[in-house]
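Both backbone and side-chain heavy atoms feed into the values below; hydrogens, waters and symmetry mates do not.
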Amino acid sequence: MAITADFHLHSSFSGDSTEPMENMILSAIEKGLTHICFTEHMDMDYPVSEGTPEGTFLVNTDSYLYDLARLKDQYGEKIQILFGIELGLQPHLAKELALYTHRHEFDFIIGSTHIVNGKDPYCPEFYENRSEEEAYREYFEGIIENIRKVRHFDVFGHLDYVVRYGPNKDKNYSYAKYKDLFDTMLTLFLEYEKGIELNTGSLRRGTKDVSPCREVLKRYRELGGEVITVGSDAHCAKDIAADFHLATEILKDCGFRYYCIFEKRLPEYKKL
């Protein structure tokens, strides 16, 4: 396995995981990884519902860091454990997110769009009373607005998150169909010196390709993009580094010679 760093992981410090952090670390060591970065959820102003009480996706950062430091002392000779966060981006949160990121010495920050116009594409109501294409376009337009207004991240996570949960997932979806929006996104990433991730988590949710799809990854490379991390988006220990053998093949096929890890918000290139 050429890729030995998983840079998108959630433990019980995230509202949608119950896996102890130590279990995640032990699994990573067993699988031969050299680096892992926990990226617990911090989604400010996430919509409250019956199934999602207020504060579900607000990580207790001090407790998270305390446990991370303790486990780094215990396992640091076997694997490098890094301190990350996955920020849920929304345009009106730009100031709050800036203050939050400045208060903590993160190694790595993923920026993700989970909420567009007050709704999460995870929920069926995001797709109601309109076509799948209209829903997907609204989501991608939301990413573009986030990129333009919020800059406090290193790479953008799962660019086509919406297709994980759409009525037909990625059956009718392609880069070509949304080329106008993807090219705008990718151009902005290059202008603002931001990277993207290859996220294998969508494969476990029934899509036929990684996230974003390989056509988008190839286009990013064609435009000159080089900063790319790889993450399993694991919420349980068994899913760490899932499908990384496929991720290696895809990156090479798309023209990448390296993938990135981050420490103290600085990228380091690792040969594929």
Side-chain angles (χ1 to χ4, degrees), residues 5-28 33 35-49 51-76 79-115 120 122 146 149-158 161 194-195 197 199 201 229 231-237 239-240 260-267:
D6 193 334
F7 264 60
H8 194 145
L9 299 175
H10 299 282
S11 74
S12 57
F13 284 100
S14 288
D16 53 358
S17 173
T18 59
E19 192 75 77
M21 188 179 284
E22 186 170 17
N23 289 1
M24 304 287 279
I25 294 168
L26 291 171
S27 177
L33 298 188
H35 299 73
I36 55 173
C37 185
F38 287 95
T39 53
E40 308 295 0
H41 283 298
M42 175 55 90
D43 271 78
M44 301 176 185
D45 200 19
Y46 190 92
V48 176
S49 66
T52 312
E54 186 172 356
T56 297
F57 292 109
L58 297 178
V59 64
N60 183 327
T61 312
D62 290 337
S63 295
Y64 161 37
L65 181 57
Y66 177 85
D67 263 23
L68 188 82
R70 177 178 61 82
L71 292 166
K72 283 178 73 169
D73 285 344
Q74 187 171 353
Y75 295 104
I79 191 168
Q80 188 165 355
I81 304 166
L82 296 153
F83 177 40
I85 200 78
E86 181 180 10
L87 294 181
L89 307 184
Q90 296 187 64
H92 68 283
L93 295 174
K95 183 176 180 180
E96 288 87 343
L97 293 172
L99 291 171
Y100 174 73
T101 57
H102 290 154
R103 282 198 299 267
H104 302 283
E105 295 183 359
F106 292 111
D107 287 303
F108 178 59
I109 299 177
I110 297 174
S112 293
T113 294
H114 296 127
I115 303 298
D120 189 335
Y122 176 83
N146 278 327
K149 294 186 177 178
V150 188
R151 308 282 173 77
H152 310 288
F153 63 91
D154 303 309
V155 307
F156 210 96
H158 44 54
Y161 165 83
K194 305 298 182 184
E197 73 163 359
N199 185 304
T229 58
S232 64
D233 210 345
H235 289 64
C236 58
D239 289 333
I240 288 177
C260 287
I261 64 171
F262 276 76
E263 186 173 359
K264 297 181 179 177
R265 306 287 305 278
L266 296 174

* Does Thr101 use its side chain to pair, donor to acceptor, with the backbone of Leu97 at less than 3.5 Å? -> yes
* Asked: Has the side chain of Lys194 got a donor or acceptor atom that lies under 3.5 Å from a matching backbone atom of Phe153?
  -> yes
* Run the salt-bridge test on Arg70 and Asp67 with the 4.0 Å N-O cut-off and return the result as yes or no. => yes
* Under 3.5 Å, side chain of Asp6 to main-chain N/O of Gly231, donor-acceptor pair present? -> no
* Within the side chain of Glu197, is there an N or O that forms a donor-acceptor pair under 3.5 Å with the backbone of His158? -> yes
* To do: Can you measure from CG (Leu93) to NE2 (His152) and round to the nearest 0.5 angstrom?
  => 11.0 Å
* To do: Look at the side chain of Lys149 and the backbone N and O of His92, then say whether any donor-acceptor pair between them is shorter than 3.5 Å.
  => no
* Would you sort out whether Ile110 and Phe7 count as a side chain to side chain contact (heavy atoms under 4.5 Å, CB included), showing the intermediate values? => CA-CA 9 Å; Ile110 297 174; Phe7 264 60; over 6 Å; no
* Asked: Is Val155 close to Phe262 at the side-chain level, that is, under 4.5 Å between some pair of heavy atoms?
  -> yes
* To do: Give a yes or no answer on whether the side chain of Thr56 reaches the backbone of Pro53 with a donor-acceptor pair at less than 3.5 Å.
  => yes
* If you round to the nearest 0.5 Å, how far is OG1 of Thr113 from CG of Leu87? -> 11.0 Å
* Passes side chain to side chain contact (heavy atoms under 4.5 Å, CB included), Gln90 versus Glu96? Steps please. -> CA-CA 10 Å; Gln90 296 187 64; Glu96 288 87 343; over 6 Å; no
* Write down the atom of Ser112, the atom of Gly157, and the distance for their closest heavy-atom approach. => OG-CA, 3.8 Å
* Asked: Any side-chain heavy-atom pair from Asp62 and His104 closer than 4.5 angstrom?
  -> yes
* From CA spacing to verdict: side chain to side chain donor-acceptor pair (under 3.5 Å), Asp239, Ser232 -> CA-CA 7 Å; Asp239 289 333; Ser232 64; over 6 Å; no
* Quick one: are the ring centres of Tyr64 and Phe83 less than 6.0 Å apart? -> yes
* Between NE2 of His235 and OG1 of Thr18, what distance do you get to the nearest 0.5 Å? -> 10.5 Å
* To do: Report the C-alpha separation of Leu71 and Gln74 in whole Å, then their side-chain angles, then the decisive distance to 0.1 Å, and conclude whether the side chain to side chain contact (heavy atoms under 4.5 Å, CB included) test is met.
  => CA-CA 5 Å; Leu71 292 166; Gln74 187 171 353; 3.8 Å; yes
* Find out whether Ile261 and Phe108 are in side-chain contact, i.e. whether some heavy atom of one side chain is under 4.5 Å from a heavy atom of the other. => no
* Side-chain donor or acceptor of His10 paired with backbone N/O of Thr39 under 3.5 Å -> yes
* Structure fact -> Scanning both residues in full, the closest heavy-atom pair of Phe38 with Ser11 reads CE2-CB, 4.1 Å
* **Taking every non-hydrogen atom, the tightest pair across Ile240 and Ala234** => N-CB, 3.7 Å
* To do: To the nearest 0.5 angstrom, please state how far the OG1 atom of Thr229 sits from the CG atom of Asn199.
  => 9.0 Å
* Structure fact -> Value for OG (Ser12) from CD (Glu22), rounded to nearest 0.5 Å, stands at 11.0 Å
* To do: Kindly compute the distance separating CG (Leu65) from CD1 (Ile85), expressed to the nearest 0.5 Å.
  => 10.0 Å
* Work out which heavy atom in Ala237 is nearest to a heavy atom in Ser27; give both atom names and the distance. => O-OG, 2.8 Å
* Asked: Using a distance-only test with no angle check, is there a side-chain donor-acceptor pair under 3.5 angstrom linking Ser14 and Glu40?
  -> yes
* Is the side chain of Asp107 donor-acceptor paired with the backbone N or O of Leu82 at a distance under 3.5 Å, no angle test? -> no
* Asked: Just by distance, do the side chain of Asp154 and the backbone of Ile109 share a donor-acceptor pair under 3.5 Å?
  -> yes
* Would Asp120 and Tyr46 count as having a side-chain donor-acceptor pair, cut-off 3.5 Å? -> yes
* Between Glu263 and His35, is any pair of side-chain heavy atoms under 4.5 Å apart? -> no
* To do: Report yes if the distance between the aromatic ring centroids of Tyr100 and Phe106 is under 6.0 Å, otherwise no.
  => yes
* **Test item: Ser17 side-chain N/O and Glu19 main-chain N/O as donor-acceptor pair under 3.5 Å** => yes
* Asked: What pair of heavy atoms forms the shortest contact from Val59 to Met42, and how long is it?
  -> O-CE, 3.5 Å
